[in-house]
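All remarks here apply to the structure that follows.
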Amino acid sequence: MPGKCVRFHGIPSSPQSNYSPPIPPPSGSSHDNISLPSLECRINPRLSIRERVIHYDLTLPPENALVRPDLVDRFLNESATNPALPSMMIVCEALPHQSISVVASQRGDGVTIMDVLCAIYKYLRAPVTEVDFAQLSPDVKRRASAAFQHRYRKITDEKAYAIEKSKGLKLVDTLGEKKMFWGLRRALQCPDAWELCLSSR
């Protein structure tokens, strides 16, 4: 990434996001409260997979995201789409049968870049139940277990280490090595949503 990277400062409290549990949606379900993108609606270039301005490890809170210093001042409150949408639906190939609902943190305003990052983070912090884990493939189970151990073992504070370990496996662990935010694009298989793209670095 060109130029020096800095961390976000003055991060507002994380906006509310709606969590959908990791089970297949019922037949005929709808997303009545989600604004679906029209063909004319475009994602903010800052969130696009083409520019990749954001360097963000999804296992960490959004304030740990890195961005070019020349963009920091105006970055957080930029609209995530053009035109602005009051809500968005995000899907991800690594999270089948699930979707992330993003709602604008400020009433009357559209979803911002920070709203998107916070919603993704909150969603991925949801625990994986024993039933959910049993439905995973052997390869995903192996990768998720390794990612979970790596995540809590890198915590240096003894108390925080014990707390994080006790919380168990989370959705973010099922991503394995592909835990880096790459960007958003219009979902190919679900044109009414945006696709979260991931990378290993």
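Atoms considered below: every heavy atom in the structure, side chains included; atoms not considered: hydrogens, waters and symmetry mates.
Counting heavy atoms from C-beta on, the side chains of I113 and I54 come closer than 4.5 Å. The side-chain heavy atoms of V116 and V111, taken from C-beta on, include a pair separated by under 4.5 Å. Contact check for H150 versus T59: no side-chain heavy atoms found under the 4.5 Å cut-off. Using a 4.5 Å heavy-atom cutoff, the side chains of L175 and L124 are in contact.
Remark: the backbone N or O of I43 is not paired with any side-chain donor or acceptor of R186 at under 3.5 angstrom. Although no hydrogens or angles enter the test, the distance criterion places a donor-acceptor pair under 3.5 Å between the side chain of N44 and the main chain of S79.
Under the 4.5 Å side-chain contact rule for hydrophobic residues, I120 and M180 do not share a cluster. In the hydrophobic clustering of this structure, I49 does not group with L198; members are Ile, Leu, Val, Met, Phe, Trp, Tyr whose side-chain heavy atoms approach within less than 4.5 Å, directly or through other members.
Taking CD1 from I90 and OG from S99, the interatomic distance works out to 9.5 Å, rounded to the nearest 0.5 Å. Atoms CD and CD, from Q189 and E93 in turn, are 9.0 Å apart once rounded to the nearest 0.5 Å. The structure places CD1 of I100 at 9.0 Å from CG of L171, a figure rounded to the nearest 0.5 Å. Annotation: the span from L47 atom CG to T81 atom OG1 amounts to 9.5 Å, rounded to 0.5 Å. Here N82 contributes atom CG and C41 contributes atom SG; the two are 7.5 Å apart, rounded to the nearest 0.5 Å. K141 NZ to Q135 CD: the interatomic distance, rounded to the nearest 0.5 Å, is 9.5 Å.
Within 6.0 Å of CD in Q149 there are more than 12 heavy atoms belonging to other residues, nucleotides or ligands. Annotation for K178: atom NZ does not count as buried by contact number, only 12 or fewer foreign heavy atoms lying within 6.0 Å.
Sorted by first and then second residue, the ring-ring contact (aromatic ring centres under 6.0 Å, His included) pairs with a member in residues 165-189 form an empty list; sequence neighbours excluded.
A cation-pi arrangement is absent between R185 and W194, since the terminal nitrogen or guanidinium carbon is not both under 6.0 Å from the aromatic centre and inside a 45° cone about the axis.
Closest of all the heavy-atom pairs between E164 and F148 is O-CE1, 4.2 Å. Annotation for E195 and L188: closest pair OE1-N, 4.4 Å, computed over non-hydrogen atoms. Nearest heavy atoms, V91 versus A187: CG2-CB, 3.9 Å. Of all non-hydrogen atoms in R151 and G168, the two that sit nearest each other are NH2-O, 3.5 Å. Contact between V128 and D132 at its shortest, heavy atoms only, is CG1-CB, 3.8 Å. Of all heavy-atom pairs between S105 and D115, the closest is OG-OD1, 2.8 Å.
For D139, the side chain to side chain donor-acceptor pair (under 3.5 Å) partners two or more places apart in sequence, or in a different chain, are R142, R143.
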Check residues 154-163 and write down every donor-acceptor pair under 3.5 Å in which the side-chain atom is one partner and the other belongs to a residue at least two apart or another chain.
{"unit_1": "D157", "atom_1": "OD2", "unit_2": "K159", "atom_2": "N", "d": "3.2"}
{"unit_1": "D157", "atom_1": "OD2", "unit_2": "A160", "atom_2": "N", "d": "2.8"}

